[in-house]
Chemist: 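Have a look at this one.
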Amino acid sequence: MSRKADFDTLAVRAGQERSQFNEHSEALYLTSSFVFENAAQAAARFSGAEEGYVYGRFTNPTVDMFQRRLAALEGAEACIATASGMSALLSTVMALLSAGDHIVSSQSVFGSTLNLFSTILSRFGIETTFVKATDIASYQSAIRQNTKLIFIETPSNPLTELVDIVALAEVARAAKVRLVVDNCFCTPALQQPLALGADIVIHSATKYLDGQGRVLGGAVCGNKADMGEVFKFLRTAGPSISPFNAWIILKGMETLKIRMQAQSASALELALRLEAHPKVARVFYPGLASHPQHALATRQQSSAGAIVAFEVSGGRTEAWRVIDSCCMLSVTANLGDTKTTITHPSSTTHGRISAEAKAAAGINERLLRVAVGLESVDDIYDDLLFGIA
Ligand SMILES: Cc1ncc(COP(=O)(O)O)c(C=O)c1O
């Protein structure tokens, strides 16, 4: 092709490498190591003098296909796959930061991310300052001389707060600090942070990239130099993805865009219906005109995503009643599945963070998060209605 292929084409074709058998669908290579012609080749492969597969902790053809496809979709020079989303984040930090460095992070991020920054990295001399997700000036004023990285999630989990990536990328560039974006909620089908000026994109591939709740996986996308550092960490420390998981996710990405579009359309319809319900106190969804950053969402994302959070009137009792009255929705903390899931963030995904951090992130007891799947929106809404009384 004379021009670069479109997203839809890349999602099903990018990164594929056929074996000598010329299989049509991407092959799954289940092997922990690779055989060399002779001792000299083994040495050359280990030293990197000769390209080729060595050992499954850091090289596998199926994993390579996944990495190349995701890099193509994110518009990245390179991608490194990891065992989970959390190990993607950990690998990035371990590869690029050292003791004495500092992170500025949005306070509206996934609970385990908050914990990683505040309780684990702090033990290794990496300090984090948390700032209000939506306030660009607060990131700027938190930057210190030793700041190496700004971390955001947009839209955030679970309140769907947005960060203006273009504006924050300018702040990061001026301070010579990397901007890292967790693109889990949107995926490259709806938002491409690197094109907006971010330096690194992190994925929990467990979510929409797989799309059917089958396996765990993660990935880091960015320039060759940074990904080279992440690769060195992965090769040595080993938070590697299983080739089976990489294969599942690789095939999942082929339907990513149509799933994201369909699930986003249902999420918008659900959010509109919930907003009109007298017993629903508040709905958080970037596609609603009432969302404080609706204009930014329209600019930054091609649609508003499939996560709808809402507060019921009352507290934990009323919120749990909605969950316990569901007959169809899956009561599970995962998201990004074709099956709609419902969770109570305060007691699950964000249950291990401090009361202060929860309050700062706006997560209260009456909040519920629905990750809209591919069922009919009428059925999803009807199921929720049982408990919203
Ligand atoms: C926004 C976000 N980032 C990262 C993660 C972590 O991903 P994983 O569970 O694959 O480690 C999650 C998991 O729920 C998430 O929601």
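Whatever order the structure lists ligands and atoms in, that order sets their numbers, starting from 1. Just so it is clear, the structure is predicted and the values come from calculations on it, not from any experiment. In what follows, residues are counted from 1 in the order of the sequence shown.
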Chemist: For C184, take its heavy atoms, then give the atoms of ligand 1 lying under 4.0 Å from any of them.
Modeler: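 Selected atoms, number and element: 1 (C), 2 (C).
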Chemist: Under a 3.5 Å threshold, yes or no: a donor from one side chain and an acceptor from the other, between K251 and S25?
Modeler: yes
Chemist: Do T348 and T343 have side-chain N/O donor and acceptor atoms under 3.5 Å apart?
Modeler: yes
Chemist: Does one side chain, of T134 or E161, offer a donor that lies under 3.5 Å from an acceptor on the other?
Modeler: no
Chemist: Does the pair E318/K279 count as a salt bridge with the N-to-O cut at 4.0 Å?
Modeler: no
Chemist: Check ligand 1 against S84 and write out every atom of the ligand that is under 4.0 Å from a heavy-atom position of the residue.
Modeler: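 Ligand 1 atoms under the 4.0 Å threshold to S84: 10 (O), 11 (O).
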Chemist: Nearest protein heavy-atom contact for atom 7 (O) of ligand 1: which residue, which atom, what distance?
Modeler: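 Minimum-distance protein heavy atom for atom 7 (O) of ligand 1 reads S204 OG, 3.0 Å.
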Chemist: Of the protein's non-hydrogen atoms, which lies at the shortest distance from atom 15 (C) of ligand 1, and what is that distance?
Modeler: F110 CG, 3.7 Å
Chemist: Any N or O of E153 that comes nearer than 3.5 Å to an N or O of ligand 1?
Modeler: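 By distance alone, the answer is no.
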Chemist: Side chain or backbone, does L335 bring an N or O within less than 3.5 Å of an N or O on ligand 1?
Modeler: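 Such a contact does not occur with ligand 1.
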Chemist: Is K207 in contact with ligand 1, taking contact as a heavy-atom separation below 4.0 Å?
Modeler: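 For ligand 1, residue contact (heavy atoms, under 4.0 Å) with K207 is present.
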Chemist: Would you tell me whether E275 and S290 have side-chain atoms, one donor and one acceptor, within less than 3.5 Å of each other?
Modeler: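 Side chains of E275 and S290: pair found under 3.5 Å.
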Chemist: Note the single closest protein heavy atom to atom 2 (C) of ligand 1, along with its residue, its atom name and the distance in Å.
Modeler: D182 OD2, 3.5 Å
Chemist: Pair up each side-chain donor or acceptor in residues 39-47 with any protein partner under 3.5 Å, not counting sequence neighbours, and list the distances.
Modeler:
unit_1, atom_1, unit_2, atom_2, d
Q41, OE1, E37, N, 2.6
Q41, NE2, E50, OE2, 2.8
R45, NE, E50, OE2, 3.0
R45, NE, E51, O, 3.4
R45, NH1, Y53, O, 3.0
R45, NH2, E50, OE2, 3.3
S47, OG, A43, O, 3.3
S47, OG, A44, O, 3.1
S47, OG, A49, N, 3.2

Chemist: Taking 4.0 angstrom as the limit and counting only heavy atoms of N157, give me the atoms of ligand 1 inside it, by number and element.
Modeler: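 In order of numbering, the contacting atoms are 16 (O).
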Chemist: Please report which non-hydrogen protein atom sits nearest to atom 11 (O) of ligand 1, along with the residue it belongs to and the distance in Å to one decimal place.
Modeler: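 For this ligand atom, the closest protein heavy atom is M86 N, 2.9 Å.
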Chemist: For ligand 1, is there an N or O atom under 3.5 Å from any N or O atom of T206?
Modeler: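 Between T206 and ligand 1, an N or O pair is found under 3.5 Å apart.
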Chemist: Please find the pair of heavy atoms, one from L250 and one from R69, that lie closest to each other, and give the distance.
Modeler: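 Minimum heavy-atom contact is O-NH1, 3.4 Å.
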Chemist: Is G217 close enough to touch ligand 1? Criterion: a residue heavy atom under 4.0 Å from a ligand atom.
Modeler: yes
Chemist: Are any of the N or O atoms of L216 closer than 3.5 Å to those of ligand 1?
Modeler: no
Chemist: Just checking, is any N or O donor in the side chain of S108 or S156 under 3.5 Å from an acceptor N or O on the other one?
Modeler: no
Chemist: Below 3.5 Å, can you tabulate the donor-acceptor pairs from side chains in residues 223-230 to any protein atom, sequence neighbours excluded?
Modeler:
unit_1, atom_1, unit_2, atom_2, d
N223, OD1, A225, N, 3.2
N223, OD1, D226, N, 2.7
D226, OD1, R178, NE, 3.3
D226, OD1, R178, NH2, 3.0
D226, OD2, R178, NE, 2.9
E229, OE2, K232, NZ, 3.0

